[in-house]
Amino acid sequence: MRLLLIRHGQTPSNLKHLLDTAEPGPGLTPLGEQQAAALPEALAAEEIDVLYASTLVRTQLTAAPLADARGLEVRIRDGIREISAGDLEMRGDDEAVRTYLTTAFAWSAGDTGLRMPGGENGVEALERFDAVVDEAAGTGARTVAMVSHGAAIRMWVAARAENVDVSYAADHALRNTGVVVLAGSPDRGWRALHWEGRPLGPGSGVPETDGPAGEAVGTVDR
C-alpha cells in the first residue's frame with residue numbers, strides 16, 4: 001500500500017507556535033484555506049482510493065477540497081489526531097515545546113512507557129495511529145491519504161519506517177500541507193519514499209539528494 005501522510009493547513013495557533021492539540025481545535029487561516037485548495041493539484045499524480053482525516057477540525061477542512069475533487073468520502077478517525085499536549089496545552093514557551101517533542105521522539109526511539117505530562121504515553125499514541133493504518137490496509141486500497149498533524153506524523157514515521165530514524169524526523173519539521181509518502185504494509189513494515197518532496201535513500205534516514213535542512217527540532221508543527 002502507498003500511504004500519504006499529509007499535515008493540515010495553517011491555523012491561527014500555528015502562527016503563535018502554540019501547543020494546541022485539544023478537540024475540536026481551530027480552523028484554518030486564509031493561507032491555510034489556500035493551502036488546502038491547492039492539495040488536489042499538488043497530488044494530481046496520486047491515484048488516491050481512500051481518504052482519512054482526524055477528529056480535529058483543521059484536518060477535515062484541509063481534506064475537504066481533495067475529497068470534493070476526487071469524489072471521496074472523508075473517513076474521520078480519532079486515531080490520527082495530534083499527540084495530546086496534556087498539561088502543556090496552549091503553551092508556546094521553549095520549555096514546553098522541548099518537553100513535548102522530546103517525549104514524542106522518545107516514543108519513536110522505543111521508550112513508549114514515557115508519558116506526556118498530563119497526557120498519553122507512547123503505547124497509547126502509537127496504538128491508536130496504528131489502528132487507523134491497519135484499517136486502511138484492510139480496505140485493499142492501493143493508495144491511502146491521511147490528513148493528520150505534524151508531530152503525530154513525524155513520531156509515527158520515525159517509529160515505523162525502517163529507513164527514517166529519530167534524528168532525521170526531529171530535524172525535518174513538516175510545513176503545512178507537507179506530505180510524507182510511504183510504501184509497505186502493517187505486516188511487512190514501512191519504508192518512507194519521500195519527505196516533503198525529498199527522496200529518501202536506502203540508508204537509515206539519509207536523503208539521496210541534498211535539500212533544505214527544514215526547521216529545527218524545537219519548532220512546533222501541529
Self-check item: Worked check of side-chain contact (heavy atoms from CB on, under 4.5 Å) between R91 and L88
Solution: CA-CA 6 Å; R91 287 176 57 180; L88 307 175; 3.8 Å; yes
Compute whether any side-chain donor of one residue and acceptor of the other, for [X] and [Y], lie under 3.5 angstrom apart.
X: T29; Y: Q10; value: yes
X: T21; Y: E89; value: yes
X: H149; Y: T59; value: no

For this session: Verify, without hydrogens or angle tests, whether T102 (side chain) and T99 (backbone) share a donor-acceptor contact under 3.5 angstrom.
Result: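 Not confirmed, T102 side chain does not pair with T99 backbone.
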Testing the basics here: between [X] and [Y], what is the closest heavy-atom pair and its distance to 0.1 Å?
X: T11; Y: P26; result: CB-CG, 3.9 Å
X: L28; Y: G9; result: CD2-O, 3.4 Å
X: Y100; Y: A85; result: CE1-CA, 3.8 Å
X: R81; Y: T55; result: CB-OG1, 4.0 Å
X: L182; Y: A161; result: CD2-CB, 3.9 Å
X: V166; Y: S108; result: CG2-CB, 3.7 Å

From [atom1] ([X]) to [atom2] ([Y]), nearest 0.5 Å:
X: N176; Y: L31; atom1: CG; atom2: CG; result: 7.5 Å
X: R98; Y: D93; atom1: CZ; atom2: CG; result: 9.0 Å
X: W195; Y: H172; atom1: CH2; atom2: NE2; result: 8.0 Å
X: R77; Y: E135; atom1: CZ; atom2: CD; result: 4.0 Å

Query raised in the report: So which of V157, L5, I83, D134 actually passes side-chain contact (heavy atoms from CB on, under 4.5 Å) with F129?
Result: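 The side-chain contact (heavy atoms from CB on, under 4.5 Å) with F129 is passed solely by L5 among V157, L5, I83, D134.
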Are [X] and [Y] packed together at the side-chain level, in the sense that at least one heavy-atom pair is separated by less than 4.5 angstrom?
X: L174; Y: I153; value: yes
X: L51; Y: R70; value: no
X: L114; Y: N121; value: no
X: Y168; Y: N163; value: no
X: E120; Y: W107; value: yes
X: I80; Y: S54; value: yes
X: L4; Y: E46; value: yes
X: W156; Y: L126; value: yes

Consider only side-chain heavy atoms of I, L, V, M, F, W and Y, link residues closer than 4.5 Å, and tell whether [X] and [Y] are in one cluster.
X: L56; Y: V179; value: no
X: L72; Y: L61; value: no
X: I6; Y: V57; value: no
X: L43; Y: L193; value: yes

Open item on the list: How about CD on E23, more than 12 heavy atoms from neighbouring residues, nucleotides or ligands closer than 6.0 Å, or not?
Closed with: yes
- Item | Trace of the side-chain contact (heavy atoms from CB on, under 4.5 Å) decision for V144 with Y52 | CA-CA 8 Å; V144 173; Y52 288 85; 3.8 Å; yes
Practice item. Quick one: do L39 and T62 satisfy side-chain contact (heavy atoms from CB on, under 4.5 Å)? Show the steps, please. Key: CA-CA 8 Å; L39 267 180; T62 302; 3.7 Å; yes
**Report entry** Derivation of the side-chain contact (heavy atoms from CB on, under 4.5 Å) call for V181 and L3
**Finding:** CA-CA 6 Å; V181 181; L3 180 60; over 6 Å; no
**Prompt:** So does E47 pair up with R2, basic N to acidic O under 4.0 Å?
**Reply:** no
By salt bridge (Lys or Arg N to Asp or Glu O under 4.0 Å), R115 pairs with (sequence neighbours left out) E124
Exactly one of R154, R175, R7 clears salt bridge (charged side-chain N to carboxylate O under 4.0 Å, His left out) with E196, and that residue is R175
